[in-house]
2 protein chains.
Amino acid sequence: MKIALRKQQILAAVIESYIQTGEPIGSKTLQNTQGFNISSATIRNELADLTSLGFLKQPHTSAGRVPTEAGYRFYVDNLLDVKEPDERVRRYIDSRLRASDDAPEHILESCSALLSELLSIAAVATTPSGSEARVHKIRFVQTGRYTSMLVLITSAGMVKSRLFRCDFAITPEMLTVFDRALNEQVAGMRLEYINKAFAQTFAASFGELGLLMPDMLMAAIEACRDALSTSVYTSGATKLLYQGDLIAARNVLELLGDKTESRRLFENMPEGTNIYIGKENSSPLLRHSSLAQTSYYIDNRPAGALAVIGPLRMNYKGAVSILEYTAKRAGEIIEELIAG
Amino acid sequence: MKIALRKQQILAAVIESYIQTGEPIGSKTLQNTQGFNISSATIRNELADLTSLGFLKQPHTSAGRVPTEAGYRFYVDNLLDVKEPDERVRRYIDSRLRASDDAPEHILESCSALLSELLSIAAVATTPSGSEARVHKIRFVQTGRYTSMLVLITSAGMVKSRLFRCDFAITPEMLTVFDRALNEQVAGMRLEYINKAFAQTFAASFGELGLLMPDMLMAAIEACRDALSTSVYTSGATKLLYQGDLIAARNVLELLGDKTESRRLFENMPEGTNIYIGKENSSPLLRHSSLAQTSYYIDNRPAGALAVIGPLRMNYKGAVSILEYTAKRAGEIIEELIAG
DNA sequence: TGTTAGCACTCTAAACTCCCGAGTGCTAAT
DNA sequence: ATTAGCACTCGGGAGTTTAGAGTGCTAACA
C-alpha cells in the first residue's frame, strides 16, 4: 500500500500521541503540539482519509481519533525507526545480566525482570529448548538411605537434577552399577528417546537386576523431560493492573499464571522480532493486548524467546529497541558460559 | 465479653449472609431467609445493639448491616465451628498430595495449588526453614571442563544443588580433594555458619591450594543460604481479581509478586492456626484483606506455613477446615519421605 | 420486661434531563 | 490543494426526580 508521506507523518503523530496520553486526539491539538505547518482543516482532511483507510477510528462522532489495530500494524511495519538504546541503558542492561549467576536459567530470569522494569509492562523469557540436545552423561549422588539424586548433563551444557527414592536401601555399589549401565546406553542419545518405552527395554535387558531400576529410570525420564521442555520466566505482570484496561490485564495475568498456556505461546514463533497486535495473537486471552517478541541466539541458532506483553498502546519503539539489545547480550553471555 | 446467645446467632447470620452475597442485609431479609422465630422489629433492636457494640455497621443510614473488622474478629473467635472437610474433599486432597513427586518442595507447591483451587482465593505455602538443620554432607559432580555441580544434603533431608565455574580446568582428583577437605570441616555444622568468614579461614588453611577454591566455596555458601531460606509458593492470586475489591487484589498481587515481602509475612507467625483480619495484618498491603494461616509439623515441630489470602468476607469456616486438613496431611507425607 | 405492629423518615442508586464544548464534515473562497 | 468559516453531533458531567429498601421510634401487648 502506497501512502503519501504527509499522511504517514500524521498517522505516526496520532499514534505516538495516543500511546503517550491514552486520549483520543483531534486536529487542532495535533496541529499545536506537533508543529505541522498546515491548517487544522487540512489535517482534518487527512484524518478523514486515514479513517476511511481503516487506520484510525473515532470512539464517537464528535471525539478525536484513536488508532485501530490496522493502524498500529501499519505503524510498526512502516513507521518504526528503531535505534539502539542509550549508552546508559545499555550499560545498565549489561551490568544486570553480568550480575546473574552462572546458570542460563538465572540469566533469563534477569532478562524478564529487566524488561518489565525498563518498560513497565509484563515480560517473559523462555529457556532454550533442549530439542536438539543429547545426553552427555548422567551422574548419581546418594542423598539418604533410600534416596538419591540423579544429575543429567546435556550436550548443550544444561544440567538438570532429580531426586528419587527406592524401597530398598541404596548402596554405593548399586549406584556404580546404575551409572555404568545407564551411561553406556544413553550417552549421545537424543533426550526425547529417553522415555517409558526405552526404560522398559532397558530394564528388561538386565533381568532380575532390572527390577531395582524403575525409580531410577523414572527420575532419568523426568530429568530429560525437564531438560527438553522450555521453562518460562515472567515478571511484572501486576504492572498492567495500573494501566487502565482491567479485563486485558486480568487475561494476561491468567495466561501467565498458567505455565502450559504461556509455554504454548512461544512454541511456533518465527525467529527474529515479531509483534502481534490484539486479535493477531494466537491466544484469545491476548485479544486486547500486544505482544512483542524476539529470539536470542546461541551459536547462531535461535534458542529461546524474550517478550513483553502490554496494552495495544504500548511503547513499541522502546520495546523493540530494548528487547533486541537485551536478546543480543543475553545470547552472548550464555554462549560464553556454555563454551566453558 | 459476654453476649446473649440470640445476639450471637444473629451476628453469625449477618456475617454468613454477607460472606455469601456481598450485600448488606436488613432485618426483614434476615427474618425470611434464616427462619428466626422473632419479628423483624426485634431483630432490628438486636441489630442496633450489635451496631453500637461495634460489630456491625451500615454503609449508609438506610441500608442493611455489614460486618466490621471487629465483627469478623468476634465471629472467628467465638462463632466458628470448624469441621473436617467432607470425605470426598479429603480423598481429593490426599490423592493430589500423593501425586506430587518425591521432593518436599513439590508437595508444598501442590498444597498451594490445592488450596487456591478449593477455596478460590490466593494461597501460599512455605518450605520448612533450614534454621535447625546442619550439613550432612556435600558432594560434587563434574558437569563440564570448567564447571561442576555442588550437592548439599542437610540433616533434615533437604537437598540443594548449585553450579559453579572455575577459571581452570577441573580434574576428578581436584574434586576428590575438595570433597574430602570440605566434608571433614563442615559435616555437622549449622548451615548459617557456612558463610564468607568461614570460607576465608577455610581457604586460608590450605595455603596455595586455597586459591583454587573460592568459586567452589561460593557455591557452598549459596547452597547453604538456599537451604536456609524458606521458599514461598503461591497460587491463584488472579482469582482475587474477579472478586470485587480491585485495590485489595492489586495489593495482594503486589505483595505475592515480591518474594522478599511474602517471605517476611511468615517470619514471626505463631504456630497453630491464625487469622489476621484487615488492619491486623503486619503488611500494609494486606490492609483490606484477610489472611488465614496454619502450620504444618514435621516430627512434631512446626516446620512451615500454609495460608490463604482473600477478601475480608472470605469463607473463614471452609478456609480453616481445608487449611488444617491439608497441613496435617502434608506434614505426614513429608515425614514419610524424610524418614527414608 | 421483652416483643411486636405501625409509621414517618432517611438515603442511595437509577433514570431522566439539560447543556457545554470539543471535534467533526462540508462548502466556498483563495 | 489549502484554508476559513460554520452548522451540526454527541458524550459526559451536573442537577433533579423518584422508587424502595431499611431504619428508629412509639405505643400497644403478653
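Throughout, a chain's letter reflects where its sequence line sits, starting with A, and its residues are numbered from 1.
Considering only residues two or more places apart in sequence or on other chains, B:Asp258 meets the salt bridge (charged side-chain N to carboxylate O under 4.0 Å, His left out) condition with none of them. For A:Glu117, the side chain to side chain donor-acceptor pair (under 3.5 Å) partners at least two apart in sequence or on another chain are A:Tyr92, A:Arg96. Not counting sequence neighbours, the partners of A:Glu261 by the salt bridge (charged side-chain N to carboxylate O under 4.0 Å, His left out) test are A:Arg264. Applying the salt bridge (charged side-chain N to carboxylate O under 4.0 Å, His left out) test to A:Glu267 and every residue at least two apart in sequence or in another chain returns nothing. Applying the salt bridge (charged side-chain N to carboxylate O under 4.0 Å, His left out) criterion to B:Arg287, with sequence neighbours excluded, gives no partner residue.
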Tabulate atom names and distances for all N/O pairs under 3.5 angstrom spanning the protein and nucleotides 10-15 of chain C.
from, atom 1, to, atom 2, distance (Å)
C:dT10, O2, B:Ser62, OG, 3.4
C:dC11, OP1, B:Thr61, OG1, 3.4
C:dC11, O2, B:Ser62, OG, 3.0

Taking N or O atoms only and anything under 3.5 Å, show me the protein contacts with nucleotides 28-30 of chain D, one pair per line.
none

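In this structure, B:Leu47 places its CG atom 11 Å from C1' of D:dG22, rounding to the nearest Å. For A:Glu23 and C:dG23, the CD to C1' distance is 14 Å, given to the nearest whole Å. Between A:Ile25 atom CD1 and C:dT24 atom C1' the separation is 15 Å, expressed in whole Å. Atom-to-atom, CD of B:Gln31 to P of D:dA21 comes out at 15 Å; the value is rounded to the nearest Å. With rounding to whole Å, B:Leu50 atom CG is found 16 Å from D:dG24 atom C1'. Atom pair A:Asn32:CG and C:dG23:P shows a separation of 10 Å (rounding to whole Å applied).
Applying the salt bridge (Lys or Arg N to Asp or Glu O under 4.0 Å) test to every pair with at least one member in residues 268-284 of chain A, sequence neighbours left out, gives these pairs: A:Glu69-A:Lys279, A:Arg73-A:Glu280. Legend: side chain to side chain donor-acceptor pair (under 3.5 Å) pairs involving residues 305-326 of chain A, not counting sequence neighbours, sorted by first then second residue: A:Asp94-A:Tyr325, A:Thr273-A:Glu324, A:Ser290-A:Tyr316. Under the side chain to side chain donor-acceptor pair (under 3.5 Å) criterion, the residue pairs touching residues 10-19 of chain B are B:Glu16-B:Tyr75, with sequence neighbours excluded. Applying the side chain to side chain donor-acceptor pair (under 3.5 Å) test to every pair with at least one member in residues 51-66 of chain A, sequence neighbours left out, gives these pairs: A:Thr51-A:Arg65.
Counting heavy atoms of neighbouring residues, nucleotides and ligands inside a 6.0 Å radius, atom NZ of B:Lys28 does not exceed 12 of them.
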Counting primed atoms, P, OP1 and OP2 as sugar-phosphate and everything else as base, the B/S/- map of nucleotides 3-9 of chain C against protein heavy atoms under 4.0 Å is SBBB---
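Ion pairing between a basic and an acidic side chain is recognised when a charged N comes within 4.0 Å of a carboxylate O; A:Glu84 and A:Lys328 show such pairing.
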